[in-house]
Number of protein chains: 2
Amino acid sequence: MSLTAEAPGRHGVLEAAARRFVAQGYAATTVRQIAEDSGIKAASIYHHFASKEDLFAAVLDEGIRVMVDAFEEVGLVAQSSDLRLLAHVRAHLGTLFEHGPFTAAHVTAFFTAPAEVRERIVPVRDGYERRWNRLLRETIDAANRELPLLRLLLFGSMNSTIEWFDPDGETSLDQLAALITDQFLNGAKSRKKGA
Amino acid sequence: MSLTAEAPGRHGVLEAAARRFVAQGYAATTVRQIAEDSGIKAASIYHHFASKEDLFAAVLDEGIRVMVDAFEEVGLVAQSSDLRLLAHVRAHLGTLFEHGPFTAAHVTAFFTAPAEVRERIVPVRDGYERRWNRLLRETIDAANRELPLLRLLLFGSMNSTIEWFDPDGETSLDQLAALITDQFLNGAKSRKKGA
DNA sequence: GTCTATAGGGAGATAGAC
DNA sequence: GTCTATCTCCCTATAGAC
């Protein structure tokens with residue numbers, strides 16, 4: 001929660017770690033940096049986590065938990081399927097920019113995780129992907145074998161925002177979510193200039 | 001070019017480095033690993049490159065060069081603008097999966113590059129992005145402030161394929177390029193199941 | 001739950017012979 | 001252009017006191 005509290009506890013360490021992993025990646029981050037950000041000494045990290053890899057796995061886990069929670073919180077809004085998709089796109093973007101550094105760390109660092117860590121996370125990750133497949137099946141009418149591909153393209157668009165979107169800039173997260181959703185469903189051609 | 005040649009030379013080292021950076025990221029890759037893959041000793045790397053960062057910058061440079069070359073090679077095909085976009089999407093995917101490891105290394109590792117390296121590369125990268133903005137302006141009719149955003153979404157979709165697409169799987173690169181282009185231009189809703 | 005002290009290893013890089 | 005040998009630094013992790 002804080003960077004300088006006297007006893008940050010497990011969660012404080014976890015959050016400082018996630019922030020570093022986002023900024024530098026896993027390998028480039030040292031336990032000493034995480035400790036310094038947390039306001040404790042490096043050796044104290046090992047009271048909360050057995051190893052740096054263990055800490056990394058905990059960050060990835062929390063990243064998924066935040067995503068799944070946000071997805072479930074959108075709930076079964078009884079609107080059109082297009083608006084339901086928009087709500088979930090907005091929620092996913094929210095996890096990247098508004099709900100702490102965990103999901104961002106997951107998205108940017110998962111790919112570079114050591115194989116053992118990655119295998120440990122995959123089952124949880126699958127649950128989130130299944131939720132999206134179900135959602136998309138209710139929204140678009142593509143062939144069954146195309147649907148996971150379209151989901152991956154949408155994920156690619158959404159997750160790439162972590163590399164370039166500035167939540168304090170001209171475009172708001174709401175606007176970005178609307179743009180991504182409309183582009184995904186109706187295509188870039190539908191966005192006529194003469195609006 | 002080869003992993004075990006007696007004198008791999010600068011290019012062999014560069015290629016081995018790119019492969020490692022794709023697989024492990026920059027920080028997790030050691031100069032000793034690159035040397036071993038190249039068939040030389042670690043100290044010999046420093047005959048070709050002043051430092052590991054220097055080698056990294058050379059890999060990123062080459063990654064852009066490959067992208068720009070592929071873009072230019074598509075040329076001014078006098079087809080419809082949709083088909084021209086398809087050709088460029090196919091060319092970009094080709095740089096990720098068919099033209100060596102340099103572009104893949106650029107896409108996956110650029111974000112984690114040390115600030116000095118990144119700043120050195122940005123101007124070259126800008127040239128590639130300008131080419132795409134120009135291409136998209138001829139293809140879609142979106143508002144001027146939306147166009148760069150739409151390009152970033154398309155880049156996000158295309159570049160994410162490096163994390164999940166298997167060029168030896170069921171779907172070919174040609175099919176993937178067609179799917180991405182059609183989804184980008186016309187949206188996922190246009191892909192009706194009853195085809 | 002945090003500290004000091006330190007073990008043990010591997011990293012990037014250099015010197016100088018061939 | 002590549003080698004062997006080595007420097008120096010900093011990494012993860014442990015031991016044991018408070």
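Sequence lines set the chain letters: A, B, ... in the order given, protein chains first and strands last, and positions in each chain run from 1. Source: prediction; values computed, not measured.
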Under 4.0 Å between a side-chain N or O of A:Ser44 and OP1 or OP2 of C:dG1? no
Residue closer to the 5' end of DNA chain D, A:Ala43 versus A:Gln33 (nearest nucleotide): A:Gln33
Would you classify A:Thr30 as touching base, sugar-phosphate or nothing, given that sugar-phosphate means primed atoms plus P, OP1 and OP2, and contacts are heavy atoms under 4.0 Å? sugar-phosphate
Atom CD1 of B:Ile45 and atom P of C:dA11 are separated, to the nearest Å, by 13 Å
Do B:His99 and B:Asp69 have a side chain donor and acceptor closer than 3.5 Å? no
Between D:dT12, D:dC3, C:dA13, which nucleotide gets closest to the side-chain atoms of B:Tyr46? C:dA13
Just how far, in rounded Å, is P of D:dA13 from CG of A:Asp54? 9 Å
Rounded to the nearest angstrom, tell me the gap between atom NE2 in A:His47 and atom P in D:dA15. 16 Å
For a quick check under 3.5 Å, do B:Thr29 and B:Gln24 share a side-chain donor-acceptor pair by atom type? yes
Does D:dT2 have OP1 or OP2 sitting under 4.0 Å from an N or O in the side chain of B:Lys41? no
If you compare every side-chain N and O of A:Arg32 against the phosphate oxygens of D:dC11 (OP1, OP2), does one of them come in below 4.0 Å? yes
Round to the nearest Å and state the distance from A:Glu53 atom CD to D:dC11 atom C1'. 14 Å
Counting only heavy atoms not in A:Glu170, do more than 12 fall under 6.0 Å of its CD? no
Roughly how many Å is it from NZ in B:Lys52 to P in D:dC10, rounded to a whole number? 15 Å
Quick check with a 6.0 Å cut-off and a 45 degree axis cone: is B:Arg130 positioned over the face of B:Tyr128's six-membered ring? no
Do the side chains of A:Arg32 and A:Lys41 get nearer than 4.5 Å, heavy atoms only? no
Considering only side-chain heavy atoms of B:Ile40, which listed nucleotide, C:dT14, D:dC3, D:dT14, is closest? D:dC3
Under 4.0 angstrom between B:His48 side-chain N/O and D:dT2 OP1 or OP2: yes
Round to the nearest Å and state the distance from B:Phe49 atom CZ to C:dT14 atom C1'. 18 Å
